Amino acid sequence: MTDKTDPSSAAAGKSGDSRGPVPAPVPPLGMAAAAHRRGHATAALGQVVRRLRQPLPGAQPRLRFEMPPEYTGQVPDAEQGGDEEPQFGHPGPRMSPQHPLYMGFMGTVGVGLALLVYWIGSHTTQLLLWIVAALFIALGLEPVVGWLENRRIPRPAGILVSVAVLMGAVVGFFATLIPTIVEQVSEIVRQAPDWVRNFMDSDFFRSLDDQFGVRDRITEELDKFVNDPAAMGGIFGGVVGFGSTVANGLFGTLIVLVLSLYFLAALPAMKKWGYRLAPRSRRKRVAALSEEITRSVGNYVIGQACVALLNATFAFVVMSIVGIPFALLLAFVVVLLAFIPLVGGMIAGIVVVLVSLTEGWQVAAIYAVCYFAYLQFEAYFISPRIMQKAVAVPGAVAVISVIAGGSLLGVLGALIAIPTAAAVLLLLREIYIVRQDQH
């Protein structure tokens with residue numbers, strides 16, 4: 001029996017290398033067991049994930065309200081490979097608008113719908129105000145969400161960030177405002193007896209008391225008020241009414257924030273549905289006008305918020321320097337009033353000047369000069385740069401729209417007055433005036 005030798009090993013032997021072939025390294029028994037356990041755990045985890053992704057037995061996908069396909073007026077031919085027959089068939093020819101039955105029925109339906117809309121609107125005024133406020137906030141946050149989307153941040157994440165910042169600002173506002181109000185109202189209540197005592201010890205009050213018997217009249221009226229059950233019930237009812245007003249305000253704030261979140265999430269779909277309500281021949285123009293209006297409203301809200309914040313910051317710094325009392329509380333009043341365009345800053349300045357008169361006319365004069373000078377600087381340097389991408393409305397139209405909006409809807413009406421006026425002017429310029437120029 002001959003011994004067969006590998007030529008390579010023979011060559012190695014001839015060269016004097018007696019080590020032979022090197023065997024492959026064998027991992028230790030503990031490392032192999034650990035790797036096996038890790039592989040088993042990974043496979044089990046993958047199996048669990050696959051089972052979680054599978055729908056439950058008998059479950060159906062959630063129904064969604066889908067938009068119907070755009071109708072072009074052409075009926076597809078099944079023999080030529082067209083689409084299948086729609087579920088509800090193809091729309092047939094419309095009835096002639098000149099038909100007496102059509103005119104009478106549609107006229108009656110129109111009157112009935114108008115009365116129904118009026119009845120619903122008159123009984124849901126508060127809800128409509130909440131919807132308008134939420135839509136206004138959603139349009140104001142849309143530029144922020146769009147800016148985040150341009151930075152490759154998904155829209156849901158951008159919405160969550162924007163709403164979280166808004167809610168943080170609201171919570172911080174109330175968290176700072178409520179302790180300030182409680183502290184300063186307590187200070188007023190503590191000092192009120194001294195103010196009353198000093199006034200009653202003054203020579204002016206003594207002369208009035210000697211001539212008209214003011215002290216006895218006040219004591220008599222207080223006795224009547226304390227002994228009157230109706231008056232005490234009125235006080236209790238006023239306290240209850242104030243509590244219910246505060247509760248309704250908090251509930252309305254929560255509703256507006258939730259609606260703003262939903263509107264902001266569904267804004268592209270809402271626009272798409274709104275554009276589909278217009279005729280197909282005019283849909284592109286309607287979309288362009290609507291996008292311009294929403295862009296202007298969003299830029300206006302962001303710009304006005306920046307202007308109001310700068311206004312309140314300047315007012316707080318000046319009040320702190322000159323020593324006006326209740327500076328932080330008055331700064332919150334200024335930032336709220338500064339949201340009202342044109343007249344808000346003026347009203348805020350007058351309110352702070354009246355409060356500063358308690359410290360002397362010199363303090364009031366210094367603050368008035370500084371603040372109203374800032375309003376001129378804001379009008380000619382700050383607002384034009386911040387609002388350059390927002391709406392442009394003539395001054396007279398802006399004043400009239402703010403007064404009308406405030407008279408109709410209060411503070412909310414004053415806030416949305418200028419964007420509404422800008423939208424109306426845009427529609428007049430692009431639709432009505434163009435149509436008139438063509439005749």
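Note: hydrogens, waters and symmetry copies are ignored here, and every other heavy atom, side chains too, is used. Values in this document were obtained by computation on a predicted structure and should not be read as measured data.
Closest approach of Phe372 to Ile350, counting heavy atoms only: CZ-N, 4.3 Å. Nearest heavy-atom pair across Gly158 and Val145 is O-CG2, 4.1 Å. Residues Ala364 and Val353 share a closest heavy-atom pair of CB-O, 4.0 Å. Residues Ala312 and Val334 approach most closely at CA-CG1, 3.8 Å, considering heavy atoms.
The side-chain heavy atoms of Ile293 and Leu427, taken from C-beta on, include a pair separated by under 4.5 Å. In this structure the side chain of Leu139 never reaches within 4.5 angstrom of the side chain of Arg295, judged on heavy atoms. The closest side-chain heavy-atom distance from Phe136 to Phe263 is not below 4.5 Å. Side-chain contact between Ser162 and Leu148 is present, with at least one heavy-atom pair separated by less than 4.5 Å. Counting heavy atoms from C-beta on, the side chains of Arg155 and Pro268 come closer than 4.5 Å. Inter-residue side-chain proximity for Val163 and Leu257 is flagged as unmet; no heavy-atom pair is nearer than 4.5 Å. Contact annotation: the side chain of Tyr371 approaches that of Asn311 to within less than 4.5 Å [non-hydrogen atoms, C-beta and beyond].
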**Asked** After noting the C-alpha distance and the side-chain angles of Glu292 and Arg429, does the key distance pass the salt bridge (Lys or Arg N to Asp or Glu O under 4.0 Å) rule?
**Response** CA-CA 13 Å; Glu292 178 65 21; Arg429 185 185 65 190; over 6 Å; no

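The environment of CZ in Arg151 is crowded: more than 12 heavy-atom neighbours from other residues, nucleotides or ligands sit within 6.0 Å. In the displayed structure, Met270 atom CE is contacted under 6.0 Å by more than 12 heavy atoms of other residues, nucleotides or ligands. By the 6.0 Å contact criterion, CZ on Arg282 is open, its count of non-hydrogen atoms from other residues, nucleotides or ligands being 12 or less. Around atom NZ of Lys271, more than 12 heavy atoms belonging to other residues, nucleotides or ligands sit under 6.0 Å away.
A side-chain N or O of Glu291 and one of Tyr275 form a donor-acceptor pair less than 3.5 Å apart.
In this structure, Gln304 contributes its side chain and Ala338 its backbone to a donor-acceptor pair below 3.5 Å.
If you take OG1 on Thr294 and CD on Glu142, they are separated by 7.5 Å, rounding to the nearest 0.5 Å. In this structure, OH on Tyr374 lies 8.0 Å from OG1 on Thr313, to the nearest 0.5 angstrom.
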